[in-house]
Every structure is written in C-alpha cells, then in structure tokens.
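Notes for the one structure printed next.
Excluded from the calculations below are hydrogen atoms, water molecules and symmetry mates; all remaining heavy atoms, backbone and side chain alike, are included. Predicted model, so just to flag it, every value in this text is computed and none were measured. When a ligand or atom number is given, it counts from 1 through the structure's own listing order.
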Amino acid sequence: MDFQLTEENRIFQDAIRDFVVNEIAPLVDEAEETGVFPKQLFRKMGKQGFLCPRYPVELGGGGGDKITECIMVEELNRVCPGIAAALMAQSGLATQPIYRYGSEELKKEFLMPALSGEKIGAFGLTEPDVGSDAASIRTRAVRDGDHYVINGTKMFITNGPICDYVVVAAYTDPSKRGVGINLFVVEKGTPGFTVSRKLDKVGNKSAETGELVFEDCRVPADRMIGGKEGGGFDQLADALISGRITYGARCVGTAQAAYDLTAQYAKERIQFGKPIVKFQNTRFKLAEIATHVDVMRTYTYRTAWLYDQGKNVRKEAAMVKLFTAEILQTILSQSMQIHGGYGYMMEYPIQRFWRDGRLYTITEGTSEIQRMIIAKELGL
Ligand SMILES: Cc1cc2nc3c(=O)[nH]c(=O)nc-3n(C[C@H](O)[C@H](O)[C@H](O)COP(=O)(O)OP(=O)(O)OC[C@H]3O[C@@H](n4cnc5c(N)ncnc54)[C@H](O)[C@@H]3O)c2cc1C
C-alpha cells in the first residue's frame with residue numbers, strides 16, 4: 001500500500017495551487033457579488049491543462065487521471081466553491097458521456113473544444129417535477145426523419161445560462177422505464193432551446209444556474225450520444241459514479257478552507273484575556289475537524305485510485321459522497337460557531353463556505369439517495 005501522491009501529482013498540485021491563488025482568488029468577490037462567472041477562466045485553464053485534467057492530451061485534456069481531477073477540484077474549492085462548481089461541471093458531467101460514448105464527430109465538435117475551454121458545457125437531467133427519481137423524467141425526444149424533436153424542461157442546470165451546449169437526458173422510448181432514455185448534445189442557438197431563467201441561489205453564487213426549456217427543438221439524429229436508441233441511463237450512471245468521487249474532493253476542499261479560516265480566527269480572537277484557541281473546547285473542535293478532513297481526503301483519494309484501476313466503485317463512490325457531504329455539515333457548523341458573531345457577518349469568508357457547502361448533501365444525488373445505493377450494493 002502506498003498512500004502518497006506521486007511526484008507528478010505533487011507537481012500538478014503545486015501548479016494548480018499557484019494558479020488558483022494568483023488567477024482565481026482575485027476574481028472571487030466580484031463573481032460572488034454579481035453572480036456572473038468569469039468565463040475567461042475556461043480558456044485560461046484549458047490552455048494549461050487545468051480545466052479537464054483527466055482526459056487525454058490528444059483531445060485537449062491534461063493527460064492525468066481521476067486523482068488529478070480530485071486535486072484540481074480540492075484546490076479550487078479551498079478558494080471558491082462557486083467557481084469550482086462551474087468548472088467541475090465541465091470536467092465531469094458535461095464531458096464524460098461524450099468522451100466515453102460519443103462518436104468521433106461529437107468528440108471533435110463538442111468534447112475537444114470543451115476540454116480546451118473554447119466551449120462551455122452543461123448537463124441537464126433534473127426537471128421541475130423530477131429530481132431524485134431520475135427514471136421519471138418527462139423530456140421526450142421523438143424521431144422525425146434524420147432529426148429528433150425534443151420537448152421538456154430542465155431545472156437547476158449548472159452553467160445553463162452560459163453554456164454553448166448541454167447534454168440533455170430525454171426519453172426516446174417512454175414505455176421502457178429507465179432504459180428508454182438517451183442523451184443528446186444540444187447546441188446553444190438551436191431553435192426551440194432557450195434559457196428561460198437564471199436562478200438566484202443561497203450559495204455558490206458565482207456558478208450560474210438556470211432553467212432550460214426545449215420546445216419542438218430539432219436536433220440532428222447524430223447528436224444522440226451512443227448512436228442508438230436506449231442505454232442513456234447507463235451512460236448517466238457512469239458519469240454520476242465518477243462525479244460522486246469528485247464530489248468528495250469538493251467537500252474536502254471546502255472543509256480544509258473552513259479549518260484554515262477557523263484556526264486562524266481562533267488564534268487572533270481574544271476573550272477572557274487569551275486567544276480563544278487556548279480554550280479546550282476550541283482546541284478539541286479544531287482537532288476533530290482536522291481529523292475529519294484527513295479521513296475525508298484519504299477515503300476520497302483511495303476511491304479515486306480504485307476508479308483509476310478500473311474497479312467497480314459504485315458502492316464506494318456513493319459512500320464517498322454520503323460521508324464527505326454529511327461530515328462537512330458538522331465541520332461548517334462548528335467553524336461558524338467558533339467564529340461567533342463575526343462568522344455571521346458577510347465580511348468574513350466563513351459564511352460563504354457555510355452557505356456553499358450546505359448544497360452538498362443535495363446535488364448529484366441527495367444523501368438519502370446515496371444511502372439507497374449503498375444499501376442496494378450491500379445486498380440489503
Ligand atoms: C445549485 C444546484 C445545481 C444543480 N446542478 C444540476 C445540474 O447541473 N444538472 C442537473 O441535472 N441537476 C442539477 N441539480 C439538481 C440536483 O441534482 C437535484 O436537486 C437533486 O438531484 C435532488 O433533486 P430534487 O431537488 O428534485 O429533490 P427531490 O428529489 O424532490 O427530493 C426532495 C427530498 O426528498 C428526499 N427523497 C426523495 N426520494 C426519496 C426516497 N426514495 N427515500 C427517501 N428520501 C427521498 C430527497 O433526499 C430530498 O431530501 C442542481 C441542483 C442545485 C440546487
């Protein structure tokens with residue numbers, strides 16, 4: 001067993017950390033305040049292989065693996081979970097189905113420009129009335145000659161308002177629950193595809209989230225990922241398993257940021273004549289947070305490593321998502337408590353991580369859904 005990052009991993013970690021501190025940190029306040037994502041980051045990061053680090057270099061990726069992607073997501077989250085959310089949608093759900101199952105044409109037209117940051121991608125599964133029960137989506141794609149006509153609405157779509165394309169889940173055969181689903185790549189500007197509204201969120205404000213409407217939206221049949229009707233649910237599951245591991249890194253980065261901010265604050269805040277870090281309660285809480293962060297990180301990277309070995313990690317990925325997202329809630333709550341009244345003020349950054357991290361037991365499969373997956377995998 002070897003729990004060390006490789007030399008290559010460490011070089012990547014140093015490089016992305018520098019990039020985040022120098023190129024992203026100065027943009028955070030404005031992006032969070034305006035709710036406008038600094039789009040130039042896509043190209044800038046793509047150019048340096050930071051945007052989609054686990055895809056092959058020949059396609060425009062960084063040539064790394066799942067561990068590399070986790071490093072990138074962790075480092076981004078330490079500075080701004082909102083900005084990280086937009087970028088990880090690109091490195092994960094908006095690109096993986098095309099990479100794994102897309103035709104050469106789709107790769108050329110959408111995947112490669114996405115990996116290099118020239119195109120921004122989004123992934124549309126959730127609908128206004130359908131979230132956890134994904135097999136119940138109502139969006140339909142009906143064949144008409146050499147096109148499919150898509151009708152439906154997608155809700156809460158990360159990058160929706162700024163995307164150049166969206167990977168949309170729709171039923172080609174609604175009589176086959178789950179298996180009759182396909183994924184389609186729909187380009188911005190296609191008649192019938194509109195961003196009906198940009199959504200105002202509690203946190204992760206710099207990631208732009210929207211509702212997308214498809215109304216008699218005609219897309220060429222070759223925009224269907226996989227090239228034949230059915231099988232989209234497996235493509236989705238594949239992307240979601242990978243996404244749950246990345247989610248662990250998202251929680252680790254956010255938890256590390258909370259620890260760093262709180263330890264610093266506790267050393268500076270004086271009460272009863274001494275820094276509050278000298279009180280046993282504060283020390284114990286910080287010691288516990290640091291322990292949890294270490295366990296979260298170790299488990300996430302171990303699962304990323306298993307994924308890189310080609311192992312079936314359906315259960316472990318759900319465990320990563322469940323454990324890291326849930327424990328993060330305690331970490332954020334304790335961090336806020338140690339900050340006292342100042343923590344509740346907008347000028348202190350802990351409130352931003354507290355708001356951002358609240359999301360993580362909800363998206364990409366709620367904690368309840370992860371428990372269902374784990375129980376099923378355990379044969380219960
Ligand atoms: C900021 C943000 C960004 C997002 N980005 C995207 C995106 O890019 N693309 C995309 O497709 N979606 C996206 N989503 C959607 C997200 O994945 C869903 O919100 C999530 O899957 C939960 O679905 P829901 O909100 O409809 O909740 P619901 O499914 O309505 O669930 C409500 C509650 O009921 C619980 N519940 C449901 N079923 C069960 C059950 N069988 N047993 C026990 N409890 C149950 C849930 O756990 C939850 O607590 C995003 C959401 C947000 C908030």
Counting only heavy atoms closer than 4.0 Å, does ligand 1 sit against the backbone of Leu359, its side chain, both, or neither?
side chain

Take atom CD in Glu118; do more than 12 heavy atoms of anything else shown fall under 6.0 Å from it?
yes

Under 4.0 Å to a heavy atom of Ile362 - the qualifying atoms of ligand 1, by number:
20 (C), 22 (C)

Ionic contact status for Asp133 with Arg177, cut-off 4.0 Å
yes

Minimum-distance protein heavy atom relative to atom 39 (C) of ligand 1
Ile369 CD1, 4.5 Å

Identity and distance of the protein heavy atom lying nearest atom 52 (C) of ligand 1:
Thr363 CG2, 3.2 Å

Within a reach of under 6.0 Å around CD of Glu368, are more than 12 heavy atoms found that belong to other residues, nucleotides or ligands?
yes

Heavy atom of the protein closest to atom 6 (C) of ligand 1 (residue, atom name, distance)
Phe156 O, 2.8 Å

Tell me whether Leu286 is reachable from Tyr342 by hopping between hydrophobic residues (I, L, V, M, F, W, Y) whose side-chain heavy atoms are closer than 4.5 Å.
yes

Expected output: side-chain Lys119 to main-chain Glu109 donor-acceptor under 3.5 Å
yes

If we only count N/O pairs under 3.5 Å, is Phe123 in contact with ligand 1?
yes

Is there a nitrogen or oxygen of Ser132 sitting under 3.5 Å from a nitrogen or oxygen of ligand 1?
yes

The protein heavy atom nearest to atom 12 (N) of ligand 1 is Thr126 OG1, 2.7 Å

In the complex you have, is atom 15 (C) of ligand 1 within reach of the protein, judged by whether a heavy-atom distance drops under 4.0 Å?
yes

Is Glu368 in polar range of ligand 1, meaning some N or O pair under 3.5 Å apart?
yes

For atom 33 (C) of ligand 1, is some protein heavy-atom partner under 4.0 Å away?
no

Carboxylate-amine/guanidinium contact Lys107 Glu58, below 4.0 Å:
no

For Leu125, is at least one N or O under 3.5 Å away from an N or O on ligand 1?
yes

One finds that the ligand 1 atoms under 4.0 Å from a non-hydrogen atom of Ile157 are 7 (C), 8 (O), 9 (N), 10 (C), 11 (O)

With under 30° as parallel and over 60° as perpendicular, where do the rings of Tyr265 and His339 fit, or are they tilted in between?
parallel

Sidechain N-carboxylate O distance under 4.0 Å for Glu364, Lys321:
no

Flag the pair Glu74 and Arg297 as a salt bridge only when some basic side-chain nitrogen lies within less than 4.0 angstrom of an acidic carboxylate oxygen.
yes

Report yes or no: do Ile98 and Ile181 belong to one cluster of Ile/Leu/Val/Met/Phe/Trp/Tyr joined by side chain heavy-atom distances under 4.5 Å?
yes

Find all atoms of ligand 1 within a distance of less than 4.0 Å from any non-hydrogen atom belonging to Met372, and give their numbers and elements.
40 (C), 41 (N), 42 (N)

Between Arg250 and Tyr247, is NZ or CZ placed under 6.0 angstrom from the six-membered ring centre and within 45° of the ring axis?
yes

Please determine if Thr366 has a nitrogen or oxygen closer than 3.5 Å to a nitrogen or oxygen of ligand 1.
yes

Name the closest protein heavy atom to atom 8 (O) of ligand 1, giving the residue it belongs to and the distance to 0.1 Å.
Thr158 N, 3.0 Å

Could you check whether atom CZ of Arg10 has more than 12 heavy atoms from other residues, nucleotides or ligands sitting under 6.0 Å from it?
yes

Which ligand 1 atoms are under 4.0 Å away from a heavy-atom of Gly131?
23 (O), 24 (P), 26 (O), 29 (O)

Determine if the distance from atom 30 (O) of ligand 1 to the closest protein heavy atom is below 4.0 Å.
no

Under 4.0 Å to a heavy atom of Lys201 - the qualifying atoms of ligand 1, by number:
1 (C)

Going by the atom numbers of ligand 1, which of them fall below 4.0 Å from some non-hydrogen atom of Glu364?
17 (O)

